[in-house]
Visitor: 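My structure is below; once you've seen it, I'll send some questions.
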Amino acid sequence: MPELPEVENTRRNLVRSGFLGATITGADITWANTVKKPSAAELAGGIKGRTIQDIQRRGKYLIFPLSPQPSGAGPGTFIVHLGMTGRLYIQPQSQKPHPMVRHSFPLNDGRELRFEDGRKFGKLWLVDSPDEVLPAMSPEPFDDDFTVETLAESFHGRKTPVKALLLEQSVACGLGNLYADESLFLAGIHPERPASGLSTGELARLRQSIIDALTAAYGVYDRARDQLWPNAPTALTTWSHPRDEKAECPNCQTNMAAIRVRARGTYFCPKCQV
DNA sequence: AGTACGTCCTGATCGC
DNA sequence: TGCGATCAGGACGTAC
């Protein structure tokens, strides 16, 4: 599932594709429920003729500032959330689309922006400003203002399992199920610990582990991109999610435990994570 | 306010 | 071999 590193990787791949400055010449929306604002028909009409001016990311959201429409509509913002299975990429219009491509946006250079989304959990918006769409989110984990104090404030008085809290974008934006587990593994913290029970020292470790887990993923994606790695993964295998039936903790060789926290698959080392 | 659960989706996998 | 049942989860809505 796309989390912060995957969304950022998508952004960088789009930048590398030379997509900036292209003009969108149409829209083929085959699953209207994906379009959250305005209607699918309004989005299709409103995006036509606009030029992509930039590609930004906030949390797991991809943000495309657009030029004004020649017909008169003012500047707009195209926003995409990849959901669980969403992928966004550029391909030649002549290339046969993957069967799970739900929407395509032809460009004036013979190529096409394609949104592939098997489970249809992705979301699209076309609005004046990102403020209309983006929920309250924590500082970006790589920014200086993602501090222990900020984290402590979010955790204060919350008895909910720390794993569940890490999935809230207002607490640690960009984390999803995989990197939440990975962060807790690196920090040596049990996923079911009540959040408010963590010590300041544990919060400091957790903050650094979040950054470390995301940094490691960035490295893999950057190397894949730089080397044009043909089989670059779309999601990472990590220490905590080895996807191996007989997984052992890489630190102590204890068998990793699989439980469910808030109906989410959760993996951890019962010996190292306390 | 904090907490917990249901909902949307369908490809992949499982069990009989 | 086939086919129905189950699983997976990001973010939001709803209920207590």
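Proteins get letters first, then strands, A, B, ... in listed order; numbering begins at 1 in each.
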Visitor: Just how far, in rounded Å, is P of dG10(C) from CG of Leu82(A)?
Guide: 12 Å
Visitor: Between Lys37(A) and Trp125(A), is NZ or CZ placed under 6.0 angstrom from the six-membered ring centre and within 45° of the ring axis?
Guide: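 Cation-pi check for Lys37(A) and Trp125(A): fails.
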Visitor: Is it true that Glu6(A) and Lys60(A) make a salt bridge, defined as a side-chain N closer than 4.0 Å to a carboxylate O?
Guide: no
Visitor: In whole angstrom, give the distance that lies between atom CG of Leu166(A) and atom C1' of dG9(C).
Guide: 16 Å
Visitor: Looking at Arg260(A), I'd like to know whether one of its side-chain N or O atoms comes within less than 4.0 Å of OP1 or OP2 on dA8(C).
Guide: yes
Visitor: In whole angstroms, how far is the C1' atom of dG10(C) from the CD atom of Glu168(A)?
Guide: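 The answer, rounded to whole Å, is 12 Å.
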Visitor: State whether Arg87(A) and Asp117(A) are salt-bridged, where the test is any N-O pair (Lys NZ or Arg NE/NH1/NH2 against Asp/Glu carboxylate O) under 4.0 Å.
Guide: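 Looking at Arg87(A) and Asp117(A), the cut-off is not met.
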Visitor: In whole angstroms, how far is the C1' atom of dG10(C) from the CD atom of Glu6(A)?
Guide: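 In whole Å, dG10(C) C1' lies 13 Å from Glu6(A) CD.
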Visitor: Has Arg158(A) got a side-chain N or O lying under 4.0 Å from the OP1 or OP2 atom of dT3(B)?
Guide: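 For dT3(B), OP1/OP2 do have a side-chain N/O of Arg158(A) under 4.0 Å.
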Visitor: List the steps, then state whether side-chain contact (heavy atoms from CB on, under 4.5 Å) holds for Arg11(A) with Leu14(A).
Guide: CA-CA 5 Å; Arg11(A) 193 191 72 80; Leu14(A) 287 172; 5.9 Å; no
Visitor: Can you give one letter per nucleotide of nucleotides 11-16 of chain C, going 5' to 3': B for a protein heavy atom under 4.0 Å from the base, S for sugar-phosphate only, - for none?
Guide: BS----
Visitor: What integer distance in Å separates Leu178(A):CG from dG9(C):P?
Guide: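 Rounded to whole Å, this separation is 10 Å.
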Visitor: Rounded to the nearest angstrom, tell me the gap between atom CG in Asp181(A) and atom C1' in dA8(C).
Guide: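 Going from Asp181(A) (CG) to dA8(C) (C1'), I get 14 Å.
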Visitor: Could you state the CE-P distance from Met84(A) to dA12(B), rounded to the nearest angstrom?
Guide: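 After rounding, the gap between these two atoms is 13 Å.
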Visitor: Looking across every strand, which nucleic acid part, if any, lies under 4.0 Å from Asn33(A) by heavy atom: base, sugar-phosphate, or nothing?
Guide: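 If one applies the 4.0 Å heavy-atom cut-off, Asn33(A) turns out to touch the sugar-phosphate alone, with no base involved.
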Visitor: Which whole-number value in Å describes the distance from Lys36(A) NZ to dC8(B) P?
Guide: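 The answer, rounded to whole Å, is 11 Å.
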Visitor: Nearest to the side chain of Thr160(A), which nucleotide is it out of dT10(B), dG10(C), dT3(B)?
Guide: dT3(B)
Visitor: Salt-bridged, Glu168(A) to Arg158(A), with N to O below 4.0 Å?
Guide: yes
Visitor: Using the test salt bridge (Lys or Arg N to Asp or Glu O under 4.0 Å), find all partners of Arg111(A) that sit at least two apart in sequence or belong to another chain.
Guide: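 Checked Arg111(A) against salt bridge (Lys or Arg N to Asp or Glu O under 4.0 Å); matches are Asp109(A).
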Visitor: Do Thr150(A) and Glu153(A) meet the criterion of a side-chain donor-acceptor pair at a distance under 3.5 Å?
Guide: no
